[in-house]
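This report refers to the structure that appears directly beneath it.
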Amino acid sequence: QVKLVESGGGVVLAGGSLRLSCAASGNTERYPCMGWFRQAPGKEREGVATIERNGTPTYADSVKGRFTISKDNAKDILYLQMNSLKPEDTAMYYCAADQGSMVIFGRPTPPEFGYWGQGTQVTVSS
């Protein structure tokens, strides 16, 4: 079992930055693939960025060049640095961990199984 706790969300003006964190605990070595996903009101959950066991990142087209995913393996913390934020980035952001890759056809994809955090709200005002 894996527990994921997100933090770092908040309200920011368009063009601003935020850094999200996801602290993982439990049987994390069996769930080495991690990622960030988001869900806006009335929309489906979508992939933002994932990182493989070997550290390879994958980004959604909408965030390429603005967001950076990273992981501190020693501390079991996943990060998402978000720069040049836009109002359309407003959503609840979730961290997930899975045993295998969460990339399908080159895009971060919400896993069918695995573990999820409770989410952290990001609001970008114009």
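Side chains included, hydrogens not; waters and symmetry mates left out as well; all remaining heavy atoms used.
- Taken from OG in Ser70 to CG in Leu78, the straight-line distance is 7.0 Å, to the nearest 0.5 Å.
- The two residues Cys33 and Gly100 have their closest heavy-atom pair at CB-O, 3.2 Å.
- A distance of 12.5 Å separates CZ of Arg107 from OG1 of Thr50, quoted to the nearest 0.5 Å.
- Both Val63 and Trp36 belong to a common hydrophobic cluster when Ile, Leu, Val, Met, Phe, Trp and Tyr are linked at side-chain heavy-atom distances under 4.5 angstrom.
- Here the closest heavy-atom approach between residue Gln99 and residue Arg30 is recorded as CG-O, 3.0 Å.
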> Which is it for Lys86 and Asp89 under the salt bridge (charged side-chain N to carboxylate O under 4.0 Å, His left out) test, yes or no, and what are the steps along the way?
Replying inline: CA-CA 5 Å; Lys86 304 175 181 180; Asp89 293 319; over 6 Å; no
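- Shown here for Phe37 and Pro111, the closest heavy-atom pair between the two residues is CZ-CD, 3.9 Å.
- Nearest heavy atoms, Glu52 versus Ser101: OE2-OG, 2.9 Å.
- Using modelled atom types, one side-chain atom of Thr90 and one backbone atom of Val124 make a donor-acceptor pair closer than 3.5 Å.
- Using cut-offs of 30° and 60° on the angle between ring planes, the pair Tyr94 and Trp116 is perpendicular.
- Taking the side chain as every heavy atom from C-beta outward, Met82 and Arg66 never approach each other to under 4.5 Å.
- The ring pair (Phe, Tyr, Trp, His ring centres under 6.0 Å) search around Tyr31 returns Tyr115, not counting sequence neighbours.
- Residue Leu4 comes nearest to Cys95 through the heavy atom pair CD1-O, 3.7 Å, listed as atom of the first residue, atom of the second, then distance.
- For the pair Pro110/Gln39, no side-chain contact is recorded, criterion being any heavy-atom separation below 4.5 Å from C-beta on.
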Donor-acceptor pairs under 3.5 Å, side chain of residues 16-29 to any protein atom, not counting sequence neighbours: which ones?
from	atom 1	to	atom 2	distance (Å)
Ser17	OG	Asn83	OD1	2.9
Thr28	OG1	Asp76	OD2	3.0

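- One finds the CG atom of Asp72 at 5.0 Å from the OH atom of Tyr79 (value rounded to the nearest 0.5 Å).
- One hydrophobic cluster holds both Met34 and Tyr59 under the rule that ILVMFWY side chains link at heavy-atom gaps under 4.5 Å.
- In this structure, Arg53 contributes its side chain and Pro32 its backbone to no donor-acceptor pair below 3.5 Å.
- Nearest heavy-atom pair, Ala91 versus Ala40, reported as atom, atom and distance to 0.1 Å: CB-N, 3.9 Å.
- Put simply, the side chain of Glu6 gets close to the backbone of Gly119: a donor and an acceptor are under 3.5 Å apart.
- Criterion: ILVMFWY side-chain heavy atoms under 4.5 Å apart, direct or through other members. Under it, Ile51 and Met102 are not part of a common hydrophobic cluster.
- Val12 and Leu80 fall within the same hydrophobic cluster, defined by Ile, Leu, Val, Met, Phe, Trp and Tyr side-chain heavy atoms under 4.5 Å apart, directly or through other members.
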